[in-house]
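Keep in mind that what you see is a predicted model, and the values were worked out from it rather than measured. We count residues from 1, following the sequence as given.
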Amino acid sequence: MSNINLDYTNVLKFITQEDINKYSDVVKENHSRLRGKSGVGCEFTDWIDYPFCYDKQEFDNIKKATQYINENADAMIVLGIGGSYLGARAVIEALTPTFSKTNSNTKIYYAGNNISSKYIKQLIEEVKDKSLCINVISKSGTTLETSIAFRIFKDLMEKKYGKEEAKNRIFVTTDKEKGVLKNIANTEGYMTFTVPDGICGRYSVLTSVGLLPISVAGINIDELIKGAQDMANILNNENLNENSAYLYAVIRNILYNNGKKIEIMANYDSSLKYFTKWCTQLFNESEGKEGKGIYFSTVENTTDLHSIGQYIQQSERIIFETVLNVEQDTFPYIIEHTSIDDGLEYIEGKTLDYINKKAMEGTIVAHVDGQVPNLKINIPILKEYYIGQLVYYFQTVAAMSGYILGINPFNQPGVEDYKKNMFKLLGKTNV
């Protein structure tokens, strides 16, 4: 069976294998810190072993809740922001049909990830005739965007179903023992799931935070976890040149030190749009601190080749690129002969995926020629097993890359600054 793998051939035109090998001892030291949970931020490294030591009872409860929701709800609204929703949405959008966004009878909607009145009012209108469940996700229960959404939709549920029935349709994912949301759940009698103490939000995709919405969307969470387990075993290797996640982390840091301050992740499959958004949070929140960090951005090609592509090709040479390449086409569509005289006879008989990949290959050549180093992550096929691998792979890259950079990749102290100012402006006391 093939696995997620890294192709860094097009980086070796900018750096050498010798440059990479110089990091061997640094990688061994940081591997020991990560796996031994002795490095900075080690209190948030439980994600490393989580695919093997997750709570089996909670996993079973996710499946029971999924059955109830699928049997009783046309729609579930996931209330959360950042790591409390992005990972789940990334997996769901990668593995479900483009327009229905679900493999089950229950369509997934999202709220609590913004404070847009238009979005909320139109979502309420969208679901007014649907049978509903909601899953509110917040460790503290005090995240403003999510708390506002919970107020709105808790009230909506109770008016729609009555308090007793509503409590069976509200699922809470929060701290195991304490916090505003935990207290509410205890008081109201909601079914609860746990946000683990030792895993920060952006690393929590494979916990109840992500798995309940993912499971409700009809995605096989056993296969997702199996992929993560196998990737964890593959990456439990301190040897730099035998661990592609560590290679990727090292290459990122070498390029950064050589003046490549921006990483652009390109996908050529729209199903991965939200996966790249999750990666944007994962890397920017993990590395952007202490005056350091690669700025991580994304493009969706070929669409963005007609806009951002110009900047990538000819702007200041501070960019490197990582391409997500899905190797197997699961929806082949062949361009057939038509009577239209459009000059496109040369693509007849070819699949859209073949054409798309030639666009990708041509773009990589153009960017490398334009002094943009290029990495490629090969994904065998978009299925649960490989998405599980991919999630664990990028978590490992971010952790190792942060350690090489010399920062704590598991905290986000700067996130609190805007909140303090916002709360003061809203009139909250004891900020």
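Because its NZ or CZ atom is not both nearer than 6.0 Å to the ring centre of Tyr295 and within 45° of the ring axis, Lys261 does not count as a cation-pi partner of that residue. A cation-pi geometry, defined here as NZ or CZ lying under 6.0 Å from the six-membered ring centre and within 45° of its normal, holds between Arg169 and Tyr161.
A salt bridge links Lys178 with Asp175: at least one charged nitrogen is closer than 4.0 Å to a carboxylate oxygen. Between Lys357 and Glu361 there is no salt bridge, since no side-chain N of the basic residue sits under 4.0 Å from a carboxylate O of the acidic one. Salt-bridge formation is not detected for the pair Glu125/Lys121: no Lys NZ or Arg NE/NH1/NH2 atom is positioned less than 4.0 Å from an Asp or Glu carboxylate oxygen. Using a 4.0 Å cut-off between charged nitrogen and carboxylate oxygen, Glu223 and Lys226 do not count as a salt-bridge pair. Ion pairing of Lys167 with Glu188 is absent here, as no side-chain N (NZ or NE/NH1/NH2) approaches a carboxylate O to less than 4.0 Å. Using a cutoff of 4.0 Å between basic side-chain nitrogens and carboxylate oxygens, Lys139 and Asp197 are scored as salt-bridged.
There is a side-chain donor-acceptor pair under 3.5 Å between Asn253 and Ser401. Side chain to side chain, Asn374 and Glu321 meet the donor-acceptor criterion of an N or O pair below 3.5 Å. Side chains of Ser104 and Thr102: a donor-acceptor N/O pair is present below 3.5 angstrom, by distance only. With no hydrogens or angles considered, a side-chain donor-acceptor pair links Asp7 and Thr9 at under 3.5 Å. With 3.5 Å as the limit, one finds a donor-acceptor pair spanning the side chains of Gln57 and Asn61. Looking at Gln122 and Glu126, their side chains never bring a donor and an acceptor atom within 3.5 Å of each other. Counted by atom type alone, Thr173 and Asn135 present one or more donor-acceptor pairs between their side chains at under 3.5 Å. One side chain, Thr322 or Glu263, offers a donor N or O that lies under 3.5 Å from an acceptor on the other. Looking at Tyr246 and Thr396, their side chains never bring a donor and an acceptor atom within 3.5 Å of each other. Side chains of Arg202 and Gln395: no donor on one and acceptor on the other come within 3.5 Å. In this structure, a donor-acceptor pair under 3.5 Å is present between the side chains of Thr106 and Asn70. Counted by atom type alone, Tyr119 and Asn114 present zero donor-acceptor pairs between their side chains at under 3.5 Å. Asn168 and Tyr68 are not linked by any side-chain donor-acceptor pair at a separation below 3.5 angstrom, with hydrogens and angles left out of the test.
Aromatic pair Phe394/Phe275: ring centres closer than 6.0 Å. Aromatic pair Phe410/Tyr203: centroids less than 6.0 angstrom apart.
Pairing each heavy atom of Lys130 with each of Asp74, the nearest pair is CA-OD2, 3.8 Å.
Using a 4.5 Å heavy-atom threshold, the side chains of Leu344 and Glu348 count as separate. Using a 4.5 Å heavy-atom threshold, the side chains of Ile4 and Pro380 count as touching. Side chains of Met360 and Val323 form a contact here, defined as non-hydrogen atoms less than 4.5 Å apart.
Note that CG of Asn325 is 7.5 Å distant from CD1 of Ile364, once rounded to the nearest 0.5 Å. Taking OG1 of Thr66 as the reference point, atom CD1 of Ile219 lies at 10.5 Å (rounded to 0.5 Å).
Within a 6.0 Å radius of CG in Asp60, more than 12 heavy atoms belonging to other residues, nucleotides or ligands are found. Other residues, nucleotides and ligands contribute over 12 non-hydrogen atoms within 6.0 Å of the NZ atom of Lys292. Taking a 6.0 Å sphere around CD1 of Ile334, one finds it holds 12 or fewer heavy atoms contributed by other residues, nucleotides or ligands. Heavy-atom neighbours of Phe331 CZ from other residues, nucleotides or ligands within 6.0 Å: at or below the threshold of 12. Heavy-atom neighbours of Lys350 NZ from other residues, nucleotides or ligands within 6.0 Å: above the threshold of 12.
Residues meeting the side-chain hydrogen bond (donor to acceptor under 3.5 Å, both in side chains) test with Lys376, sequence neighbours left out: none.
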Lys101 and Glu93: CA distance, side-chain angles, deciding distance, salt bridge (Lys or Arg N to Asp or Glu O under 4.0 Å) verdict: CA-CA 6 Å; Lys101 304 298 185 189; Glu93 301 237 353; 3.0 Å; yes
Test salt bridge (Lys or Arg N to Asp or Glu O under 4.0 Å) applied to Glu287 and Arg252, step by step: CA-CA 12 Å; Glu287 293 188 324; Arg252 296 179 82 248; 2.9 Å; yes
Pair Asp55-Lys176, salt bridge (Lys or Arg N to Asp or Glu O under 4.0 Å): steps then yes or no: CA-CA 12 Å; Asp55 186 329; Lys176 185 176 183 179; 5.9 Å; no
Salt bridge (Lys or Arg N to Asp or Glu O under 4.0 Å) assessment of Asp155 paired with Lys159: CA-CA 6 Å; Asp155 183 61; Lys159 287 176 179 176; 3.0 Å; yes
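Looking only at distances, no side-chain donor or acceptor of Ser147 sits under 3.5 Å from a matching main-chain atom of Leu144. Not one N or O on the side chain of Ser215 forms a donor-acceptor pair closer than 3.5 Å with the backbone of Leu212. Checked by atom type and distance alone, the side chain of Asn183 pairs as donor or acceptor with a backbone atom of Gly179 at under 3.5 Å. In this structure, the side chain of Glu384 engages the main chain of Asn220 through a donor-acceptor pair within 3.5 Å. Put simply, the side chain of Thr276 gets close to the backbone of Lys273: a donor and an acceptor are under 3.5 Å apart. In this structure, Asn284 contributes its side chain and Thr280 its backbone to a donor-acceptor pair below 3.5 Å.
Relative ring orientation between Tyr54 and Phe59 is described as tilted, the plane-to-plane angle lying within the 30° to 60° band.
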